[in-house]
Amino acid sequence: MQPIAAPLLQWFDANKRLLPFRQEPSAYHIWVSEIMLQQTRVAAAIPYYERFIAALPDPAALAACEPDALRKLWQGLGYYNRVNNMQKAARIVCEQYGGDLPADYDALRSLPGIGDYTAGAASIAFGIPVPAVDGNVLRVFARLYNDDADVMAPATKKAFTVRVLDQMPKATPGPYNEALMELGALVCIPGTPHCEECPLADLCRGYAAGRADPLPVKPAPKAKGKVPVTVALIESEQGLLLQRRPARGLLAGLWQPAAWEKALTRDELTAALAGIGVQAALDEPLPPAKHVFTHKIWELGGWKGTAPACVLPDGYVWAAPEDLAEVYPVPNAFGAYVKAK
Ligand code: SF4
């Protein structure tokens with residue numbers, strides 16, 4: 001393969017998007033943006049990014065943030081363990097590195113929630129010549145080399161990482177990494193790539209072979225188990241009944257309408273609510289909804305109703321509308337029933 005850096009960087013200079021995290025590309029800004037972009041499209045992530053950075057402008061602010069406030073800032077992005085890990089990492093950064101992310105790949109890589117890719121991306125800020133290989137870059141390299149190895153296999157990722165590094169210009173590793181990501185996001189996109197606009201079209205073996213579309217090769221996704229969830233959307237004069245999820249596991253520590261991970265009849269749901277002291281009248285079935293996690297699918301349903309306000313056990317609250325909007329982070333999984341902001 002001939003060198004790709006020159007045409008790639010020339011294209012990047014002329015075509016890169018003016019994104020907020022490119023305006024002051026500190027390691028902290030890149031870190032926050034990359035964690036958000038692992039799960040969200042750029043356009044959707046920008047308002048979250050701006051709000052997050054305004055509230056928590058540096059690792060010290062992130063380290064000190066109260067957990068519910070942190071999850072509230074993340075509400076809507078999902079994968080809450082990622083922001084929990086960011087906070088753990090920020091605390092280590094404050095304790096061990098004086099509040100600034102370390103300018104060292106291995107030190108970055110050792111922080112909670114920072115893998116090879118994120119450490120590589122954060123290294124952009126320091127000009128460290130390490131690769132940042134994400135799904136975009138794997139797709140570009142599978143097509144460039146017309147390689148139909150399974151890109152989800154660790155051995156393939158390792159081999160592709162060597163190619164990314166071989167092609168890296170030593171003087172401009174950061175722009176090269178960014179340019180590869182940008183090419184994957186804008187031109188060498190999933191599905192049918194825009195090869196006619198690509199600065200690497202003359203070098204691309206996949207394009208020459210007419211095989212760009214089916215690459216990269218990935219294993220068929222595993223079937224996800226379906227889990228019924230019965231939701232009780234109960235209002236009293238003090239607000240909506242919310243329940244805190246367990247401190248560990250799926251959606252740890254977040255708030256949700258009272259819900260049970262099983263199919264309950266109306267009578268069983270009434271009895272379950274009575275078990276926490278809520279004497280509810282369930283008068284309207286909730287429309288069925290679905291939420292897809294990486295490993296399972298929730299099939300949601302349940303009942304809407306009212307109840308007299310009462311003293312609730314630990315882990316439950318009556319949330320007034322303003323607190324629902326400002327205080328309690330409610331996951332998107334319940335978005336069909338609760339608009340929490
Ligand atoms: Fe991707 Fe097409 Fe460019 Fe090859 S020519 S890198 S397939 S966009």
Participant: With a 4.5 Å limit on heavy-atom distance, are the side chains of Phe12 and Tyr176 in contact?
Facilitator: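 No, too far: nothing below the 4.5 Å cut-off.
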Participant: Counting only N and O atoms by type, is there a donor-acceptor contact under 3.5 Å from the side chain of Arg211 to the main-chain atoms of Gly206?
Facilitator: no
Participant: Does the side chain of Trp74 come within less than 4.5 Å of Ile35's, by heavy atoms?
Facilitator: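 Heavy-atom side-chain distance check passes, below 4.5 Å.
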Participant: Does Ala90 offer a backbone N or O that forms a donor-acceptor pair with the side chain of Glu95 under 3.5 Å?
Facilitator: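 No; judged by distance alone, with no hydrogens or angles, the pair does not exist.
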Participant: Do you know which two heavy atoms are closest between Pro131 and Val164, and how far apart they sit?
Facilitator: CB-CG1, 3.8 Å
Participant: Is the closest side-chain heavy-atom distance between Pro329 and Asp68 below 4.5 Å?
Facilitator: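 A side-chain contact exists here, since the closest heavy-atom pair is under 4.5 Å.
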Participant: Please name all residues satisfying side-chain hydrogen bond (donor to acceptor under 3.5 Å, both in side chains) with Asp150, sequence neighbours left out, ordered by chain then number.
Facilitator: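 Asp150 satisfies side-chain hydrogen bond (donor to acceptor under 3.5 Å, both in side chains) with no residue once adjacent residues are dropped.
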Participant: Please check: side-chain N/O of Arg51 versus main-chain N/O of Leu73, any donor-acceptor pairing under 3.5 Å?
Facilitator: yes
Participant: Could you go through Leu101 and Leu111, starting from their C-alpha distance and side-chain angles, then the distance that decides it, and tell me whether this counts as side chain to side chain contact (heavy atoms under 4.5 Å, CB included)?
Facilitator: CA-CA 10 Å; Leu101 281 158; Leu111 293 169; 4.0 Å; yes
Participant: Does Gln87 reach the main-chain N or O of Leu62 with its side chain, forming a donor-acceptor pair under 3.5 Å?
Facilitator: yes
Participant: Do Ser26 and Asp58 make a side-chain contact, defined as non-hydrogen atoms from C-beta onward lying under 4.5 Å apart?
Facilitator: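 No, side chains not in contact.
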Participant: I'd like to know if the side chain of Arg245 and the backbone of Leu250 have a donor-acceptor N/O pair within less than 3.5 Å.
Facilitator: yes
Participant: Taking Asn332 for its side chain and Gly76 for its backbone only, find out whether a donor-acceptor pair lies under 3.5 Å.
Facilitator: yes
Participant: Check step by step if side chain to side chain contact (heavy atoms under 4.5 Å, CB included) holds for Arg139 and Val151.
Facilitator: CA-CA 8 Å; Arg139 183 172 58 255; Val151 290; over 6 Å; no
Participant: With rounding to the nearest 0.5 Å, note down the distance linking CG in Leu233 to OG1 in Thr306.
Facilitator: 11.5 Å
Participant: How does the hydrophobic cluster around Val162 look, that is, which other residues are in it when side-chain heavy atoms under 4.5 Å mark a link?
Facilitator: none
Participant: Inspect the contact between Lys72 and Glu326 and indicate whether a charged nitrogen and a carboxylate oxygen are less than 4.0 angstrom apart.
Facilitator: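 Salt bridge between Glu326 and Lys72, a charged N being under 4.0 Å from a carboxylate O: no.
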Participant: Val32 and Tyr49: side chain to side chain contact (heavy atoms under 4.5 Å, CB included), yes or no, with the steps?
Facilitator: CA-CA 7 Å; Val32 172; Tyr49 172 82; 4.0 Å; yes
Participant: Using 0.5 Å steps for rounding, measure from the CD atom of Glu261 to the CG atom of Leu300.
Facilitator: 9.5 Å
Participant: Please determine whether the number of non-hydrogen atoms from other residues, nucleotides or ligands lying under 6.0 Å from atom NZ of Lys262 exceeds 12.
Facilitator: no
Participant: List the residues meeting side-chain hydrogen bond (donor to acceptor under 3.5 Å, both in side chains) with Asn15, not counting sequence neighbours, and say none if there are none.
Facilitator: none
Participant: For Met1, is the CE atom crowded, meaning more than 12 foreign heavy atoms sit under 6.0 Å from it?
Facilitator: yes
Participant: Is there a side-chain contact between Asn136 and Leu180 (heavy atoms, below 4.5 Å)?
Facilitator: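 No, their side chains stay 4.5 Å or more apart.
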Participant: Looking at Asn177 and Val130, would you say the former's side chain and the latter's main chain have a donor-acceptor pair under 3.5 Å?
Facilitator: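 Checked: pair present.
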Participant: Is there a path of hydrophobic side-chain contacts, each under 4.5 Å between heavy atoms of I/L/V/M/F/W/Y residues, joining Leu242 to Leu286?
Facilitator: yes
Participant: Are Tyr207 and Leu200 connected into the same hydrophobic cluster when the rule is that any two of I, L, V, M, F, W, Y join if their side-chain heavy atoms are below 4.5 Å apart?
Facilitator: no
Participant: Can any side-chain N or O of Tyr337 pair as donor or acceptor with the backbone N or O of Pro287 at less than 3.5 Å?
Facilitator: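 Confirmed, Tyr337 side chain pairs with Pro287 backbone.
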Participant: Ignoring hydrogens, what is the shortest heavy-atom contact between Gln38 and Thr118? Give both atom names and the distance.
Facilitator: NE2-OG1, 3.1 Å
Participant: Scan residues 193-203 for pairs that pass salt bridge (charged side-chain N to carboxylate O under 4.0 Å, His left out), counting only residues two or more places apart or in two chains.
Facilitator: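 Qualifying pairs, neighbours excluded: none.
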Participant: Counting distance only, does the side-chain N/O of Lys224 pair as donor-acceptor with the main-chain N or O of Phe293 below 3.5 Å?
Facilitator: yes
Participant: Please check if the number of heavy atoms outside Glu237 that lie under 6.0 Å from its CD is greater than 12.
Facilitator: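 Buried by this count: over 12 neighbours within 6.0 Å.
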Participant: Given the rule that I, L, V, M, F, W and Y join up when any side-chain heavy atoms are under 4.5 Å apart, are Ile189 and Phe160 in one cluster?
Facilitator: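 In one cluster with Ile189: Phe160, no.
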Participant: Quick one: does Trp31's side chain get under 4.5 Å of Leu108's, heavy atoms only?
Facilitator: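 Of all side-chain heavy-atom pairs linking Leu108 with Trp31, none is under 4.5 Å.
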Participant: Using atom types as modelled and distance alone, determine if a side-chain donor or acceptor of Arg244 lies under 3.5 Å from a backbone N or O of Gly253.
Facilitator: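 Here the side-chain-to-backbone pair exists.
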Participant: Can you give me the closest heavy-atom contact between Val227 and Lys296, atom names plus distance?
Facilitator: CG2-CD, 3.8 Å
Participant: Can you check side chain to side chain contact (heavy atoms under 4.5 Å, CB included) on Arg109 and Asp116, steps first, answer last?
Facilitator: CA-CA 6 Å; Arg109 181 70 185 78; Asp116 292 337; 2.5 Å; yes
Participant: With Tyr117, which residues qualify under side-chain hydrogen bond (donor to acceptor under 3.5 Å, both in side chains), at least two apart?
Facilitator: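 Expected list: Glu34.
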Participant: Which pair of heavy atoms, one from Pro59 and one from Val93, lies closest together, and at what distance?
Facilitator: CB-CG1, 4.0 Å
Participant: Is Leu8 reachable from Met181 through a run of hydrophobic residues whose side-chain heavy atoms are each under 4.5 Å from the next?
Facilitator: yes
Participant: Check the side chains of Thr230 and Glu268 for a donor-acceptor pair under 3.5 angstrom, ignoring hydrogens and angles.
Facilitator: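 No - no donor-acceptor pair under 3.5 Å links their side chains.
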Participant: Which other residues belong to the hydrophobic cluster containing Ile234, where Ile, Leu, Val, Met, Phe, Trp and Tyr are joined when side-chain heavy atoms lie under 4.5 Å apart, directly or via other members?
Facilitator: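 Its cluster mates, by chain and number, are Leu241, Trp260, Leu264, Leu269, Leu273, Ile276, Val278, Leu282, Trp303, Leu312, Tyr316, Trp318.
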Participant: Using a cut-off of 6.0 Å, state whether more than 12 heavy atoms not belonging to Arg41 lie near its atom CZ.
Facilitator: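 No.
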Participant: If you measure from CD1 on Ile4 to CZ on Arg163, what distance do you get to the nearest 0.5 Å?
Facilitator: 11.5 Å
Participant: Are Val83 and Tyr79 connected in a single hydrophobic cluster, I mean Ile/Leu/Val/Met/Phe/Trp/Tyr linked by side-chain heavy atoms less than 4.5 Å apart?
Facilitator: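 In one cluster with Tyr79: Val83, no.
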Participant: Out of curiosity, Tyr328 OH to Gln256 CD, how far, rounded to the nearest 0.5 Å?
Facilitator: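 Here the rounded value is 14.5 Å.
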Participant: Tell me whether the count of non-hydrogen atoms from other residues, nucleotides or ligands lying under 6.0 Å of NZ in Lys170 goes above 12.
Facilitator: yes
Participant: For Ala259 versus Val229, what's the shortest heavy-atom pair and its separation?
Facilitator: CB-CG1, 4.1 Å
Participant: What's the spacing between Thr161 OG1 and Met168 CE if we round to 0.5 Å?
Facilitator: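 Taking OG1 in Thr161 and CE in Met168, the distance rounds to 10.0 Å.
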Participant: Should the heavy atoms of other residues, nucleotides or ligands under 6.0 Å from NZ of Lys158 be counted, would the total exceed 12?
Facilitator: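 Counting other residues, nucleotides and ligands, NZ of Lys158 stays at 12 neighbours or fewer.
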Participant: Testing the basics here: between His29 and Ile53, what is the closest heavy-atom pair and its distance to 0.1 Å?
Facilitator: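 Scanning both residues, the minimum pair turns out to be CD2-CD1, 3.7 Å.
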Participant: Taking side chain as C-beta onward, heavy atoms only, is Gln75 less than 4.5 Å from Pro331?
Facilitator: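 Not in contact.
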Participant: If I take atom CG from residue Asn146 and atom CZ from residue Arg143, how far apart are they, to the nearest 0.5 angstrom?
Facilitator: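 Taking CG in Asn146 and CZ in Arg143, the distance rounds to 11.5 Å.
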